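Quick notes on the structure that follows.
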Amino acid sequence: MSDRFDESSDETLGRRLVGDLPRYTAPARLRVTIVEAASPPARRPAWLAPLVAAAATTMLLTLATLPVLPRIVPADPMQRYVRAVVSEHARTVMWGARHGEILPTALPWLTQESGIALPQVFVGDDRLQFVAAEPVYLERQRGVAIHYRDVDGHMLTYIALPAAAALTIPEPARVPIGRWRPALMRDSGYAAWVWKQKDVACFLVSDMVSADDVEKFKEYFARVRATTEPVPAY
């Protein structure tokens, strides 16, 4: 008996238990559960985190820039023209004329560059001082711009462009001024008188938008309109 126990060891006992004890097969569902629990968690691809961060950054930048995106371009041709001449006037107020040519000396050059001839042109008086004249390119059309400054410091820009057939003056916006009926239109804090002289669309733009300023603006329109005659040069 003692010899039997002396021959026993942990290794021998383990073999006897494996060989003598009954063995049972675990259910398939239990085996799957145990294998899944013992397996290490799946690792995310190395490129996933930078991609998510870049997408989040793009979304934040898009939300931040939405308020400053350009407004939708108006479908009405006249509104597009008014927006274009207002933008040109605002550029001149901020940066000055590109060329700064002097009238009437530069009229032949202006006619050649702009495609608009000026047989008669307003060159200023005691209320409006001539500043500069230059060719412009707006709405895919060549034209001419003449800049003035009044005695109160307001800048005014007169622009003449070829008038397309679809360019019509909106009747509800017309205002009687003497024998003329230009339309008063507004955009981005500026006011513009709009009228047509045969095949030429004419604009007079300024920041004169208050009730008192509009009365002066009417007077300035009459001075420019009475002494300026634009015609297509070609």
Side-chain angles (χ1 to χ4, degrees), residues 81-82 84-138 141-163 169 175-233:
Y81 271 73
V82 169
V85 299
V86 165
S87 296
E88 178 65 19
H89 171 76
R91 184 206 62 77
T92 304
V93 171
M94 293 178 63
W95 304 107
R98 297 179 182 89
H99 295 278
E101 304 297 330
I102 303 299
L103 295 179
T105 306
L107 280 177
W109 178 82
L110 281 173
T111 299
Q112 177 183 346
E113 296 297 318
S114 68
I116 301 291
L118 297 168
Q120 290 183 299
V121 60
F122 179 72
V123 294
D125 57 15
D126 60 331
R127 292 289 301 175
L128 288 175
Q129 176 187 359
F130 169 81
V131 176
E134 60 181 332
V136 293
Y137 185 75
L138 305 174
Q141 299 279 1
R142 292 191 303 158
V144 63
I146 306 174
H147 309 292
Y148 306 93
R149 181 181 290 107
D150 78 350
V151 293
D152 298 318
H154 295 287
M155 284 291 296
L156 292 88
T157 298
Y158 168 87
I159 293 179
L161 297 166
I169 307 298
V175 177
I177 305 177
R179 65 180 185 274
W180 304 290
R181 295 179 64 247
L184 180 60
M185 304 185 70
R186 303 176 188 274
D187 185 82
S188 303
Y190 293 93
W193 292 116
V194 183
W195 70 100
K196 290 176 71 173
Q197 291 180 237
K198 297 182 179 179
D199 296 327
V200 179
C202 303
F203 308 83
L204 186 63
V205 187
S206 184
D207 62 349
M208 305 176 71
V209 294
S210 69
D212 292 339
D213 284 341
V214 167
E215 292 304 314
K216 294 180 183 178
F217 202 19
K218 289 180 181 180
E219 179 187 345
Y220 295 160
F221 161 80
R223 295 184 183 212
V224 174
R225 175 66 179 86
T227 56
T228 303
E229 190 67 31
V231 296

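Only a predicted model underlies this, so the values are computations on that prediction, with no experimental measurement involved. Reckoned from all heavy atoms, side chains included, excluding hydrogens, waters and symmetry mates.
- In this structure, CG in L128 is found 11.0 Å from CZ in R149, a value given to the nearest 0.5 Å.
- Proximity of P230 to Q197: side-chain heavy atoms (C-beta onward) are separated by under 4.5 Å at one or more points.
- Put simply, the side chain of I102 reaches to within 4.5 Å of the side chain of F130, judged on heavy atoms.
- Contacts of E219 classified as salt bridge (Lys or Arg N to Asp or Glu O under 4.0 Å), with partners at least two apart in sequence or in another chain: R223.
- Classified by interplanar angle (parallel below 30°, tilted 30° to 60°, perpendicular above 60°), the ring pair F122/Y148 is tilted.
- The nearest pair of heavy atoms linking H89 to S206 is NE2-CA, 3.9 Å.
- Nearest heavy atoms, A133 versus L110: CB-CD1, 3.6 Å.
- Counting heavy atoms of neighbouring residues, nucleotides and ligands inside a 6.0 Å radius, atom CG of D212 does not exceed 12 of them.
- For the residue pair T105 and P108, the shortest heavy atom distance occurs at O-CD, 3.6 Å.
- Put simply, OH on Y190 and OG1 on T157 are 9.5 Å apart, with the number rounded to the nearest 0.5 Å.
- Considering NE2 of H147 and CG of L156, their distance stands at 11.0 Å, rounded to 0.5 Å.
- Atom-to-atom distance recorded for F217:CZ and L204:CG is 4.5 Å, nearest 0.5 angstrom.
- With sequence neighbours excluded, the residues that form a side-chain contact (heavy atoms from CB on, under 4.5 Å) with Q112 are Y234.
- With sequence neighbours left out, E88 forms a salt bridge (Lys or Arg N to Asp or Glu O under 4.0 Å) with R91, R98.
- Here the closest heavy-atom approach between residue R127 and residue D152 is recorded as NH2-OD2, 4.2 Å.
- Looking at I169 and K196, their side chains come closer than 4.5 Å, going by heavy atoms from C-beta outward.
- Relative ring orientation between F221 and W195 is described as perpendicular, the plane-to-plane angle rising above 60° on a 0-90° scale split at 30° and 60°.
- The two atoms that bring P232 and D199 nearest to each other are CG-CB, 4.0 Å, heavy atoms only.
- Residues R225 and W193 have side chains not in contact (no heavy-atom distance under 4.5 Å, counting atoms from C-beta outward).
- In this structure, E134 CD and I146 CD1 are separated by 10.5 Å, a value rounded to the nearest 0.5 Å.
- Minimum interatomic distance between R181 and P176 (heavy atoms only, all atoms of both residues): CG-CA, 4.3 Å.
- Atom-to-atom distance recorded for D207:CG and M155:CE is 10.0 Å, nearest 0.5 angstrom.
- Looking at L107, V121, I116 one by one, the single match for side-chain contact (heavy atoms from CB on, under 4.5 Å) with V144 turns out to be I116.
- The shortest distance between side-chain heavy atoms of Y81 and L138 does not fall below 4.5 Å.
- S114 places none of its side-chain heavy atoms less than 4.5 Å from the side chain of V136.
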